[in-house]
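Quick one: the structure is below, and I'll ask about it shortly.
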Amino acid sequence: MKEKIIETKNLWFSYSPEVTALRNINLEIYKGELIALIGQNGGGKTTLAKHFNGLLKPTKGDVYVKGQNTKDVPANRLALTVGYVFQNPAHQIFTSKVYDEVAYGARNEGLNEEEVKERVEYALEEVGLIGYEDWHPYDLDYGKMKLLTVASIISMKPEVYVLDEPTTGQDHKGRRVLADLVIKLNKEGNTVIVITHDMKFVARTAKRTILLANGEVIKDGATNEVLHDLETLKKAMIKPPQVVQLAYSLKSYGVPTNILTIDDAFNSFKKLINR
Amino acid sequence: MGNETKKAGEENVVVVENYSYSYPTKKNVIQNISFTVKKGEVLGIIGPNGAGKSTLCKTLNGLVPHFYGGFFGGNVTVAGMEVLKHTTAELSTKVGLVFQDPESQISGMMMTVWEEVGFGLSMLGFPREEVDERVNDAIKKVGLEGLEKRSPFELSGGQQQRLAIATVLAIKPEIMVLDEPTAQLDPIGKYEVFKVIEDLTLEGLTTIVVEHEIEELAHFADNIILLHEGKILSYGKAKKVLTEVEKLKAIGEDPPSVTELTYLLDKELDLSLVNYPITLDEAIKIYKELMVSS
């Protein structure tokens, strides 16, 4: 039996009495899942994710992290279990050296400098930033800056990673590097939840996809199932990746409806093309 | 310069000849590039971060070199004005620049959308009736009618970026330059902004747009420049540049998915395709033919 790591029960949340941001969210997230949280801005993605690490507490209902109600645990304790990588690196970076930036969380745990050093090396190795220890974070290019913010979470060794819009502002290479990193973190046994608008990134990485609209979960399932539900995606004004649209248009030619990536399409098309 | 023509009736609005540039703190950001943009043309600029795309945009209204300093070589002429010999203020009446982050463009001094769009015109001393007409026209073109009295900061990201475009349109520039206009927007915002850009290009506005969303660019760019480490790696019709799959992949750029797929299938099956698709519609047509039952 897989371990349930996060659970929301009848979760409602309002920022003010007039605005309901989340409506009755019931989700079970298991250890080792790689989940994409998609939907338009204002749909509730970030609000929901901030409940996972206790940055927000439900207006009504409950959120459990490893069986503990987030109402009973201070957010700084939850941060050791659920690491949150913010969208804008500038909102997260606050020291003047890459090493210190990555060491901060580990130092906060009360580890000695020897242990901190080990954690920093491990984290920088994970994201491929070994050799940049003495750099000023703002001297890094935007792609590396993003990797630094992930490293500063890795050094705390959380069990769950929440990444908020990791590919915004990234070029194609940067997007691919982040996709590979997310897959690696997941393969190492971590639970990874990615909030994103980048459907190509979703197709490349996520096994499960949750679609939020107007504060409600309107679809939750295997990524290939969700990205091929063009009707529901349309309601949320989301366009699936180009190869999914292509496959969908060629359904009557025998193209299967589980294609997500260029590789998937390649493997299926080559059998269907008559030469 | 601006009156010179390459072909009859096709006036060059932008002429870049052997242009090189170094910032005071960063050398060789642009290395000896040349290209032209004709009246009514849509030029897309693609390439990895750090390729020099934003520097190129800032050159077209003189921010580079007048604001940044540095070393400027070669010749850049926009709407008949040599960039080196004209101030940014002069160039800005002909070149409208739209940045990635709409909040950095909105003045923040105006209370309403309407006033924000009229701000530049008022500063330039246009008479009231002219301001009224241009503001209303610009707001209509970007589809912000009905939101004139809102605060710019109440708008969604896509609306804010369309507001930024409207402030530029109100000046009636000869050329609009957009630097990753959709990078910070959600899918609805991206859709709204691309729609506006496409409408404007259909009306004949000369446009240069830097974009990572190559699949969108493929729909409306006439020509594309692939920029890498300050040099032009590829330049020509969108179809030519976007179908050079190996060249794009070599520097980490993704061609449109349908183009990459077709390239892979052609290599595997030797389809002898002369015309790779760069848009979804083209791809659907091609594959319907290829998959027709024998």
Side-chain angles (χ1 to χ4, degrees), chain A residues 38-43 45 87-88 139 141-145 165 167-177 196-200 203 233 236-250 252-255 259-275, chain B residues 46-51 53 100-101 156-158 180 183-192 212-216 218 248-249 251-272 277 279-294:
Chain A
I38 64 171
Q40 292 299 336
N41 285 350
K45 304 184 303 291
Q87 176 178 349
N88 187 343
D139 287 337
D141 66 42
Y142 191 76
K144 290 197 175 72
M145 218 188 277
E165 297 284 354
T167 62
T168 297
Q170 299 281 344
D171 60 6
H172 296 174
K173 196 174 159 198
R175 295 178 198 178
R176 214 157 28 237
V177 167
T196 186
H197 291 308
D198 182 344
M199 291 306 126
K200 222 169 155 179
L233 290 177
M237 291 280 284
I238 288 178
K239 257 204 302 194
Q242 198 173 44
V243 285
V244 173
Q245 295 178 63
L246 178 62
Y248 191 84
S249 307
L250 298 169
S252 61
Y253 293 78
V255 174
I259 282 170
L260 283 178
T261 63
I262 293 172
D263 284 348
D264 296 342
F266 172 75
N267 288 324
S268 124
F269 281 31
K270 77 178 171 193
K271 292 178 209 131
L272 293 166
I273 290 174
N274 301 294
R275 276 177 303 153
Chain B
I46 61 173
N49 291 344
K53 306 187 297 297
Q100 181 179 130
D101 175 11
S156 71
E180 295 191 36
Q184 304 292 334
L185 304 179
D186 70 349
I188 292 178
K190 278 193 204 309
Y191 170 82
E192 292 170 353
H212 287 305
E213 302 303 330
I214 287 178
E215 289 170 4
E216 298 293 338
L248 289 163
K249 299 291 277 183
I251 57 160
E253 287 288 287
D254 289 331
S257 296
V258 293
T259 314
E260 187 172 346
L261 172 65
T262 307
Y263 163 81
L264 292 171
L265 287 165
D266 191 19
K267 223 170 61 170
E268 172 88 5
L269 304 173
D270 194 15
L271 299 168
S272 314
T279 65
L280 178 64
D281 289 342
E282 287 175 9
I284 291 172
K285 193 164 167 283
I286 287 172
Y287 285 104
K288 280 189 173 170
E289 280 164 20
L290 285 170
M291 288 181 187
V292 148
S293 51
S294 47

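Being a predicted model, the structure only gives us computed values, none of them experimental. Each chain gets a letter, A, B and so on, in the order the sequences are listed, and its residues count up from 1.
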Side chain, backbone, both or neither: which part of A:Asp141 has a non-hydrogen atom closer than 4.5 Å to chain B?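 Contact with chain B is absent: no heavy atom of A:Asp141 under 4.5 Å.
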Per-residue tally against chain B (heavy atom, under 4.5 Å) across A:Val243, A:Thr168, A:Leu250 peaks at A:Leu250
What part of B:Ser156 gets within 4.5 angstrom of chain A, counting heavy atoms only: side chain, backbone, both, or neither? neither
Between A:Leu246, A:Ile238, A:Thr261, who has the most heavy-atom pairs with chain B when the cutoff is under 4.5 Å? A:Leu246
Give a yes-or-no answer on whether the side chains of A:Gln87 and A:Glu165 include a donor-acceptor pair shorter than 3.5 Å. no
Look at atom NZ of B:Lys285 and say whether more than 12 heavy atoms of other residues, nucleotides or ligands are closer to it than 6.0 Å.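 Count not over threshold, so no.
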Test log, rule salt bridge (charged side-chain N to carboxylate O under 4.0 Å, His left out), inputs B:Asp254 and B:Lys249: CA-CA 6 Å; B:Asp254 289 331; B:Lys249 299 291 277 183; 3.4 Å; yes
Chain A: which of B:Ile284, B:Leu265, B:Asp281 shares the most heavy-atom pairs with it under 4.5 Å?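 Of the options given, most contacts go to B:Leu265.
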Determine the minimum heavy-atom distance between B:Glu260 and B:Pro255, stating which atoms define it.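 Shortest heavy-atom separation between B:Glu260 and B:Pro255 comes out as OE1-CD, 3.8 Å.
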Among the listed options B:Gln100, B:Glu289, B:Glu213, B:Glu180, the residue most often paired with chain A at heavy-atom distances under 4.5 Å: B:Glu213
Identify whether the distance between the nearest side-chain nitrogen and carboxylate oxygen of B:Glu216 and A:Lys239 falls below 4.0 Å. yes
